[in-house]
Amino acid sequence: MAEASRAYDLSPSEIEGWVEDAKRGMENALRANPLDIREQYEKQLKDLQEAYGEAMLKLRARKKLAALMEREDGN
């Protein structure tokens, strides 16, 4: 978990939260009917896609900031 935390600039508690969410999702999947499961997975997929988009925007912003800082340091 520490390696993933460093590699993706995430806190260990954030990753642990995702693992707990996944465990609860699997437990609920064993209890729920298939339509409920599908709706749950579709919502999770949407949430993950939104989080991925936000992460990509942050990454791009960090890269642009780093490039601007390098350019300023080089002048």
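Computed from heavy atoms alone, side chains included, the values below leave out hydrogens, waters and symmetry copies. Counting from 1, the numbers follow the sequence of the chain as shown.
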I need the full list of side chain to side chain donor-acceptor pair (under 3.5 Å) pairs touching residues 42-52, with sequence neighbours left out, sorted by first then second residue.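 Matches after skipping sequence neighbours: R38-E42, K43-D47.
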N/O donor-acceptor pairs under 3.5 Å from side chains in residues 53-65, not counting sequence neighbours:
unit_1 : atom_1 : unit_2 : atom_2 : d
R62    : NH1    : D9     : OD2    : 2.2
R62    : NH2    : D9     : OD2    : 2.9

Is any NZ, NE, NH1 or NH2 atom of the basic residue among K23 and E20 found under 4.0 Å from an Asp or Glu carboxylate oxygen of the other? yes
